Amino acid sequence: MIETTAAAPPAESVTDFARDVRRDLALTPKQLQSKYLYNGLGSCLFEAICRLPWYRITRAEGRLLARWSDQMVAGLSDPLTLVELGCGSGEKIAVLAESLRSHRRISVHLIDISPTALELSERTLGRLEHISVMGHRATYEDGLRRAASERGSAATMLVLFLGSNIGNFDPPAAHDFLTEIRRALRPGDALLLGADLIKPAADLIVAYDDPLGVTAAFNKNLLLRLNRELLADFDLSAFDHRAVWNAAESRVEMHLVSRRAQNVSIPRAGCTVEFAPGEAIWTESSYKYTPEEIVARGQQAGFRSRQQWIESDARFSLTLFIAE
Ligand code: AVI
């Protein structure tokens, strides 16, 4: 059955965006939140990144899902509510849903702040007749609360947090978020968590600074977004994309580096920002883990780990946790 529900109100307003930009560009070092990378164009550029030979997370995860999805969903009882936080194109949840064909009723809740991602996913899942789909244009937290409130008392819930999205949270925020997921679940419910693993620095750098320049475009699109939505006057050619592996913090950082001294005005955020030559805006962190750290993080949030699958070529992990 296909039953696609209308999107909820936008997850953030121009005023929130303007307030965050004004505050974060006044920090030292200057920052912009990575959630703002995902407007319509940004989501399409991220989809393109996932197809690049140097960004191996998506294909590694796809291989794990294709090989092990039956094992991953074994033992989950009927009826089942599947919730995907950050649904991307819907391909991954479609693989799991295929493995669940024998279940009588499956409700799928897709949660994303990007309408483009929701549309893509709803289209992908539209071809499966044994599931009903509901899209929530919302933050992960709000969407999860909504999905949890809409499930029946008998339904088991499986939350998917895939593609290394957990890597974009700093460690305290990752702990808080996993705890929040656990709070929305009942004992026996499950979480399938994707996490990218630590690997050689050269492999990490080329994944976040690809020779085609798609990741650079993804990063610089943030400045284009500020120009369009907040009437800023960033000269995009005066900034360079930079990716660095910060081994001490176990994270890849993306920055936008000013090529020269310049002032940029952002009228809708009510500020003018001064850049020294070489000064950077820190736009994203992508934390990398060991398999043991991932298990420990789940445990600290109130889960036990049932099984972990590792793709050893690209060094990527999927871990199935059960809420205790
Ligand atoms: C969405 N997230 C898991 C990606 C990552 O790998 O951190 C975003 C990304 N940034 C640059 N390339 C991909």
Side-chain angles (χ1 to χ4, degrees), residues 11 31-62 64-65 84-93 110-114 116-118 120-121 139-140 160-171 173-174 177-178 192-199 201 203-223 225 239-246 249-257 280-289 294 297 311 314-319:
Q31 297 174 36
L32 287 169
Q33 290 178 42
S34 61
K35 68 177 182 180
Y36 292 121
L37 291 162
Y38 301 90
N39 64 348
L41 180 55
S43 297
C44 291
L45 288 167
F46 178 60
E47 281 299 308
I49 287 172
C50 293
R51 290 162 189 255
L52 294 174
W54 308 279
Y55 189 81
R56 302 175 67 196
I57 290 178
T58 318
R59 281 180 307 280
E61 186 172 58
L64 288 180
L65 287 169
E84 185 166 14
L85 305 174
C87 56
S89 64
E91 300 288 343
K92 300 168 195 171
I93 202 166
L110 303 169
I111 298 162
D112 211 299
I113 48 172
S114 153
T116 316
L118 287 171
L120 272 172
S121 300
T139 60
Y140 294 150
L160 309 176
F161 196 41
L162 301 176
S164 181
N165 285 327
I166 192 71
N168 297 131
F169 290 76
D170 65 26
F177 186 60
L178 291 175
L192 185 63
L193 182 67
D196 200 18
L197 302 176
I198 296 170
K199 59 197 105 222
D203 295 353
L204 288 165
I205 294 298
V206 78
Y208 290 84
D209 192 3
D210 64 89
L212 276 182
V214 182
T215 313
F218 173 65
N219 200 7
K220 282 189 174 190
N221 175 54
L222 197 44
L223 301 183
R225 186 172 179 187
F239 286 86
D240 288 321
H241 166 70
R242 182 177 69 196
V244 288
W245 168 236
N246 182 335
E249 299 292 338
S250 205
R251 67 186 181 217
V252 178
E253 298 168 2
M254 292 204 314
H255 301 266
L256 289 163
V257 186
I281 310 174
W282 180 11
T283 53
E284 186 188 65
S285 293
S286 204
Y287 285 82
K288 308 298 170 186
Y289 291 97
I294 287 297
R297 292 214 170 267
E311 209 279 353
R315 303 290 303 151
F316 181 81
S317 67
L318 281 175
T319 310

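Note that the coordinates shown come from a computational prediction; the quantities given were computed from them, not determined experimentally. Side-chain atoms are counted along with the backbone in the values below, which use heavy atoms only and exclude waters and symmetry mates. Counting starts at 1 for both ligands and their atoms, following the listed order.
- Two rings, from Phe177 and Tyr140, have their centers less than 6.0 Å apart.
- Ligand 1 does not have Gly167 within reach: every non-hydrogen atom of the residue lies 4.0 Å or more from it.
- Side chain of Asp196 to main chain of Tyr287: no donor-acceptor pair is present (N/O by atom type, distance under 3.5 Å, no hydrogens or angles).
- Near Tyr208, meaning under 4.0 Å from any of its heavy atoms, are these atoms of ligand 1: 5 (C), 6 (O), 7 (O), 10 (N), 11 (C), 12 (N), 13 (C).
- Heavy-atom contacts of Gly163 reach the following atoms of ligand 1: 3 (C) (cutoff under 4.0 Å).
- Of the candidates Tyr287, Trp54, Tyr55, Tyr55 brings a heavy atom nearest to atom 5 (C) of ligand 1.
- Side chain of Glu311 to backbone of Ala314: a donor-acceptor contact under 3.5 angstrom is found.
- Taking the six-membered ring for Trp, Tyr38 and Phe218 have ring centres closer than 6.0 Å.
- Ligand 1 has a nitrogen or oxygen under 3.5 angstrom from a nitrogen or oxygen of Ser286.
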Inset, instruction - Could you walk me through whether Phe239 and Leu223 pass the side-chain contact (heavy atoms from CB on, under 4.5 Å) test, one step at a time? - result: CA-CA 9 Å; Phe239 286 86; Leu223 301 183; 3.8 Å; yes
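- Polar contact with ligand 1: present for Glu284 (N/O pair, distance under 3.5 Å).
- Between the side chain of Arg56 and the backbone N or O of Leu52 there is no donor-acceptor pair closer than 3.5 Å.
- Considering backbone and side-chain N/O atoms, Asn168 comes within less than 3.5 Å of an N/O atom of ligand 1.
- If you number the atoms of ligand 1 from 1 as listed, the ones under 4.0 Å from a heavy atom of Ser164 come out as 3 (C).
- Under the 3.5 Å distance criterion, the side-chain polar atoms of Ser317 are matched with a main-chain donor or acceptor of Ala195.
- Of the protein's non-hydrogen atoms, Tyr38 OH, 3.2 Å is the one closest to atom 1 (C) of ligand 1.
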